[in-house]
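These notes are about the structure you will find just below.
Note that these values count all heavy atoms, side chains included, but never hydrogens, waters or copies made by symmetry. Naming: A, B, ... by sequence-line order, numbering from 1 per chain.
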Amino acid sequence: FKKGFAFPDWAYKPESSPGSRQIQLWHFILELLQKEEYQGVIAWQGDYGEFVIKDPDEVARLWGIRKCKPHMNYDKLSRALRYYYNKRILHKTKGKRFTYKFNFSKVVLVNYPILDMANWIKANLIIGHKCQHDRI
DNA sequence: GCCGGAAGCT
DNA sequence: AGCTTCCGGC
């Protein structure tokens with residue numbers, strides 16, 4: 001996940017497509033991190049895999065839109081991030097405000113071998129997002 | 001802010 | 001299972 005890495009179009013599938021499921025928070029975080037336009041909101045900073053949430057309210061708002069949870073806030077989002085500690089997906093950078101670090105050794109190398117990145121994206125990155133209650 | 005238990009939802 | 005909601009404690 002070097003800077004400027006962009007996921008190709010075929011990696012995105014609509015929610016209604018077979019085999020699709022709800023997007024996971026860490027997928028969403030990675031999605032924001034690879035988009036230049038969100039660098040004022042969330043960005044890689046410091047050590048490899050380390051990122052800073054520069055605008056917690058905005059990240060929470062965007063996550064709320066994605067999950068159709070209009071009352072999402074940073075308090076709730078950060079609780080979800082804390083559940084990643086035991087799963088060894090993330091850990092906190094202690095002393096640094098709004099700063100977390102991906103355990104890429106597990107997330108990428110073990111669960112999703114870097115050599116098979118294309119299939120990892122296909123299997124995990126779901127971008128299509130229409131709220132169920134919004135369907136007419 | 002950050003932590004983690006507890007309960008609830010899908 | 002993967003959050004969401006709520007919250008007491010630090």
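Across all strands shown, A:Leu25 has heavy atoms under 4.0 Å from sugar-phosphate atoms exclusively, and none from any base. Contacts of A:Arg79 with the nucleic acid, taken as non-hydrogen atoms under 4.0 Å apart, include base atoms. Counting non-hydrogen atoms under 4.0 angstrom, A:Lys92 reaches the backbone sugars and phosphates but no base.
In this structure, A:Phe51 and A:Trp44 have perpendicular ring planes: the angle between them is above 60°, well past the 30° mark.
Following rounding to the nearest Å, A:Met72 (CE) and C:dT5 (C1') show an atom-to-atom distance of 9 Å. Taking atom OH of A:Tyr74 as the reference point, atom C1' of C:dT4 lies 16 Å away to the nearest angstrom. Between the CD1 atom of A:Ile89 and the C1' atom of C:dC3 there is a distance of 12 Å, given to the nearest Å. Between the NZ atom of A:Lys69 and the P atom of C:dG2 there is a distance of 17 Å, rounded to whole Å. One can place CG of A:Leu81 at 13 Å from C1' of C:dG2, the figure rounded to the nearest angstrom. In this entry the distance linking CD1 of A:Ile23 with C1' of C:dC3 reads 13 Å, nearest Å. The CZ-P distance, from A:Phe28 to C:dT4, rounds to 11 Å in whole Å. Here C:dC6 presents its P atom at 15 Å from CZ of A:Arg82, a figure rounded to the nearest Å.
Using a 4.5 Å cut-off between side-chain heavy atoms of Ile, Leu, Val, Met, Phe, Trp and Tyr, with links allowed through other members, A:Tyr38 and A:Val52 fall into different hydrophobic clusters.
Ionic pairing of A:Arg66 and A:Glu31 is present here: one or more N-O contacts between side-chain nitrogen and carboxylate oxygen are shorter than 4.0 angstrom.
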So which protein N/O to nucleotides 8-10 of chain C N/O distances come out below 3.5 Å?
none

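Contacts between chain A and DNA chain B, taken as any atom within less than 4.0 angstrom of a protein heavy atom, begin and end at B:dG1 to B:dA7.
Between A:Tyr83 and A:Lys96, it is A:Lys96 whose nearest contact on DNA chain B lies nearer the 5' terminus.
The side-chain heavy atoms of A:Leu25 and A:Leu90, taken from C-beta on, include no pair separated by under 4.5 Å. In this structure, the side chains of A:His71 and A:Lys76 come closer than 4.5 Å at one or more pairs of heavy atoms.
Listed pair A:Trp63 / C:dT4 meets the phosphate criterion, a side-chain N or O lying under 4.0 Å from OP1 or OP2. Proximity of A:Lys76 to the phosphate of C:dT4: no side-chain N or O atom is located under 4.0 Å from OP1 or OP2.
One finds the NZ atom of A:Lys87 at 10.0 Å from the CH2 atom of A:Trp26 (value rounded to the nearest 0.5 Å). Between A:Phe102 atom CZ and A:Leu33 atom CG the span is 6.5 Å, to the nearest 0.5 Å.
Side-chain rings of A:Tyr84 and A:Tyr100 stay apart, their centers remaining 6.0 Å or farther from each other.
Here the closest heavy-atom approach between residue A:Asn103 and residue A:His91 is recorded as OD1-CD2, 2.8 Å.
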